[in-house]
Amino acid sequence: MTSANSGAEMVDWDLAVATAVRLARPGPRVGREEARAVVSELRRHAVEAERHVREFTRMGLGEGTPGTPVLVVDRPGWVRANVAGFRTVVRPLTDRLAARRQESPGTAAVGSVGAKATGVEVGAVLAFLSAKVLGQYETFAPAGLPTAPDSPEGLFDQPRRGLATPPGRLLLVAPNIVHVERELDVAPHDFRLWVCLHEETHRTQFTAVPWLRDHIQSEVQEFLAQTDVDPSALLDRLREALGGLPGFGGRGNGSTAGSLTDLVQTPAQREILARLTAVMSLLEGHADVVMDGVGPAVVPSVTEIREKFQRRRDRGSGRLDLVLRRLLGMDAKLRQYQDGAVFVRGVVERSGMDGFNRVWTSPNTLPTKDEIHDPASWVARVVG
């Protein structure tokens with residue numbers, strides 16, 4: 001992909017959005033007045049959750065760090081927001097791919113076809129995910145986002161460029177929250193606040209720790225920089241990975257394939273991913289611990305919600321859902337919640353919340369992938 005102003009792109013992002021919006025499943029049936037009430041309540045809960053999270057974690061805004069917007073979106077709005085983030089974070093890699101394509105004569109027509117095909121593929125993945133995400137702190141959202149509802153119906157925020165706000169934003173996907181609360185048969189008011197507590201913790205992490213976003217972005221950029229731009233090299237590594245799996249000519253060990261990204265990683269990328277996995281486990285586990293720590297005081301039915309939600313998280317929605325979750329790496333994300341929560345609780349038990357908060361001092365105080373599974377070793381290294 002080149003920039004939007006300098007020629008054909010490697011990914012047709014407009015087609016990706018159109019495909020995702022067309023394929024996305026419709027949300028739950030909700031009357032107009034009920035929808036307005038849901039959106040309004042989520043906005044109130046986001047404000048309330050911020051106060052609870054900051055009191056519990058003892059994390060304030062970083063010096064000179066402005067707050068980031070909270071947007072209540074529908075499924076198409078979530079798709080558009082994530083496409084904007086994707087275009088921002090993968091630009092260095094796609095610029096390299098575009099440069100390589102320009103060096104090869106006669107590839108313009110093939111590139112145009114490939115961009116559309118890739119756009120459809122990306123759109124299909126986004127359509128699947130748009131029905132799964134309850135909320136998301138979008139770390140790499142480009143600056144310039146509205147915070148007031150401006151959809152045709154006047155209900156949902158429409159992520160787009162245009163205002164000079166800081167990068168990063170919190171998205172709450174209203175149709176998915178309503179769908180899950182109905183499926184679990186839990187108190188809507190409690191469930192909505194419970195979700196906001198988790199997502200607001202992520203917003204607090206990035207607004208209270210100013211260096212965190214840049215650190216993660218640098219790791220992601222290094223990961224992308226290590227990507228082979230030679231399609232034949234990627235194909236060889238994919239064949240090698242598949243060759244060791246049952247059903248693809250390999251002897252295998254009875255296990256199933258990993259995620260699609262696992263199949264095409266270089267050794268250098270695996271090292272970077274190990275560091276990123278540790279950071280993401282910390283962030284997700286911390287959010288789960290905060291959600292459960294604050295919950296009993298402000299969410300009366302938190303125990304019921306947690307039990308039902310955990311059962312739903314474990315089983316997925318069906319066989320196809322489980323396969324797609326594994327291929328897209330979503331199972332790894334679920335393990336991050338569990339591993340990270342064990343780490344956070346282990347550190348807090350040993351050194352208290354103030355001791356744990358030393359994790360936010362610098363990139364050097366972040367846990368390693370091994371320390372995530374051994375909280376005592378992190379405490380010994382950082383707290384002393």
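When a residue number appears, it is its place in the shown sequence, counting from 1.
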Colleague: Would E41 and H189 satisfy side chain to side chain contact (heavy atoms under 4.5 Å, CB included), going step by step from the backbone distance to the final call?
Modeller: CA-CA 8 Å; E41 184 174 24; H189 173 86; 2.7 Å; yes
Colleague: Determine yes or no for a side-chain-to-main-chain donor-acceptor pair under 3.5 angstrom, with S40 supplying the side chain and R36 the backbone.
Modeller: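 Checked: no pair found.
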Colleague: Compare every heavy atom of P296 with every heavy atom of D292, then report the nearest pair and how far apart it is.
Modeller: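 Between these two residues, the closest heavy atoms are O-CD, 2.9 Å.
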Colleague: Passes side chain to side chain contact (heavy atoms under 4.5 Å, CB included), E371 versus T368? Steps please.
Modeller: CA-CA 5 Å; E371 287 173 339; T368 65; 3.3 Å; yes
Colleague: Indicate yes or no: at least one non-hydrogen side-chain atom of R192 is less than 4.5 angstrom from one of E181.
Modeller: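 Result yes, sub-4.5 Å side-chain heavy-atom pair found.
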Colleague: Distance only, no hydrogens: is a donor on one side chain within 3.5 Å (strictly under) of an acceptor on the other, for H52 and E200?
Modeller: no
Colleague: Do the rings of F356 and W378 sit parallel, tilted or perpendicular, given the 30° and 60° boundaries?
Modeller: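 Taking W378 first and then F356, their aromatic rings sit tilted (interplane angle of 30° to 60°).
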Colleague: Quick check: closest heavy atoms across P367 and L282, and the distance to 0.1 Å?
Modeller: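 Taking P367 first and L282 second, the nearest heavy atoms are CD-CD2, 3.9 Å.
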Colleague: Flag the pair D288 / Q338 as yes when at least one side-chain heavy-atom distance between them is below 4.5 Å, and no otherwise.
Modeller: no
Colleague: If every non-hydrogen atom of M59 is compared with every non-hydrogen atom of V209, which pair is closest and at what distance?
Modeller: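 Heavy atoms only, the tightest pair is CE-CG2, 3.9 Å.
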Colleague: Going by an N to O cut-off under 4.0 Å, is there a salt bridge joining K308 and E304?
Modeller: yes
Colleague: If every non-hydrogen atom of R350 is compared with every non-hydrogen atom of A376, which pair is closest and at what distance?
Modeller: NE-CB, 3.6 Å
Colleague: When you compare the side chains of D190 and S301, does any donor N or O come within less than 3.5 Å of an acceptor on the partner?
Modeller: yes
Colleague: Flag the pair E284 / H202 as yes when at least one side-chain heavy-atom distance between them is below 4.5 Å, and no otherwise.
Modeller: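 A side-chain contact under 4.5 Å exists here.
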Colleague: Where do Y137 and R169 land on the side chain to side chain contact (heavy atoms under 4.5 Å, CB included) test, with the steps shown first?
Modeller: CA-CA 6 Å; Y137 186 79; R169 56 187 166 186; 5.7 Å; no
Colleague: Report the C-alpha distance between W360 and H286 in whole Å, list the side-chain angles of each, state the deciding distance to 0.1 Å, and finish with yes or no for ring-ring contact (aromatic ring centres under 6.0 Å, His included).
Modeller: CA-CA 12 Å; W360 312 117; H286 183 229; 5.4 Å; yes
Colleague: Does I305 form a side chain to side chain contact (heavy atoms under 4.5 Å, CB included) with V299? I'd like the steps, not just the answer.
Modeller: CA-CA 9 Å; I305 290 173; V299 181; 4.1 Å; yes
Colleague: Closest approach of V173 and S130, non-hydrogen atoms and distance?
Modeller: CG1-O, 4.4 Å
Colleague: Would you mind reporting whether V298 and V294 have side-chain heavy atoms less than 4.5 Å apart?
Modeller: yes
Colleague: Would you say the side-chain atoms of Q221 pair up with the backbone N or O of S218, donor to acceptor, closer than 3.5 Å?
Modeller: no
Colleague: Can you find a pair of side-chain heavy atoms, one from N176 and one from W78, that are under 4.5 Å apart?
Modeller: no
Colleague: To the nearest 0.5 Å, what is the distance between CD1 (I177) and CZ (F191)?
Modeller: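 The distance works out to 7.0 Å.
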Colleague: Is there a donor-acceptor contact under 3.5 Å linking the side chains of R213 and T207?
Modeller: no
Colleague: Is any side-chain heavy atom of F56 less than 4.5 Å from a side-chain heavy atom of M353?
Modeller: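 Answer yes - side chains close enough.
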Colleague: Tell me whether V120 is reachable from V79 by hopping between hydrophobic residues (I, L, V, M, F, W, Y) whose side-chain heavy atoms are closer than 4.5 Å.
Modeller: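 No, because V79 and V120 fall into different hydrophobic clusters, even though each may have its own neighbours under 4.5 Å.
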Colleague: I want to check something: taking the side chain as every heavy atom from C-beta on, are L283 and L212 in contact at a cut-off of under 4.5 Å?
Modeller: yes
Colleague: Look up atom NZ in K369 and atom CD in E271, then write down how far apart they are to the nearest 0.5 Å.
Modeller: 11.5 Å
Colleague: Return the CD to CG distance between E121 and L15, rounded to the nearest 0.5 Å.
Modeller: 10.5 Å
Colleague: Identify whether V17 and L23 are in the same connected component of the hydrophobic contact network (ILVMFWY, side-chain heavy atoms under 4.5 Å).
Modeller: no
Colleague: For the side chain of S351 and the backbone of V348, is there at least one donor-acceptor N/O pair under 3.5 Å apart?
Modeller: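 No; zero donor-acceptor contacts below 3.5 Å.
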Colleague: Heavy-atom count around R29 CZ within 6.0 Å, excluding the residue itself: above 12?
Modeller: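 No - once you tally the heavy atoms of other residues, nucleotides and ligands closer than 6.0 Å, there are 12 at most.
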Colleague: For R44 and E50: C-alpha separation, side-chain torsions, deciding distance, then whether salt bridge (charged side-chain N to carboxylate O under 4.0 Å, His left out) applies.
Modeller: CA-CA 10 Å; R44 292 196 307 271; E50 180 179 12; over 6 Å; no
Colleague: Rounded to the nearest 0.5 Å, what separates atom NZ in K132 from atom CZ in R75?
Modeller: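 Going from the NZ atom of K132 to the CZ atom of R75 covers 9.0 Å.
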Colleague: Any chance you could measure L276, atom CG, to E222, atom CD, to the nearest 0.5 Å?
Modeller: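 Going from CG on L276 over to CD on E222, the span is 10.5 Å.
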Colleague: How long is the span from the CG atom in L42 to the CG atom in L134, to the nearest 0.5 Å?
Modeller: 10.5 Å
Colleague: Any chance CZ of R381 has more than 12 other-residue heavy atoms, nucleotides or ligands included, within less than 6.0 Å?
Modeller: yes
Colleague: Following the transitive rule for hydrophobic clusters with a side-chain heavy-atom cut-off under 4.5 Å over Ile, Leu, Val, Met, Phe, Trp and Tyr, establish whether V47 and L172 coincide in one cluster.
Modeller: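 Looking at the clustering, L172 is in a separate group from V47.
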Colleague: Of the non-hydrogen atoms in N82 and E138, which two are nearest, and what is the gap between them?
Modeller: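 In this case the closest contact between N82 and E138 is CA-OE2, 3.6 Å.
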Colleague: Taking the side chain as every heavy atom from C-beta outward, state whether V382 and V359 have any pair of such atoms under 4.5 Å apart.
Modeller: no
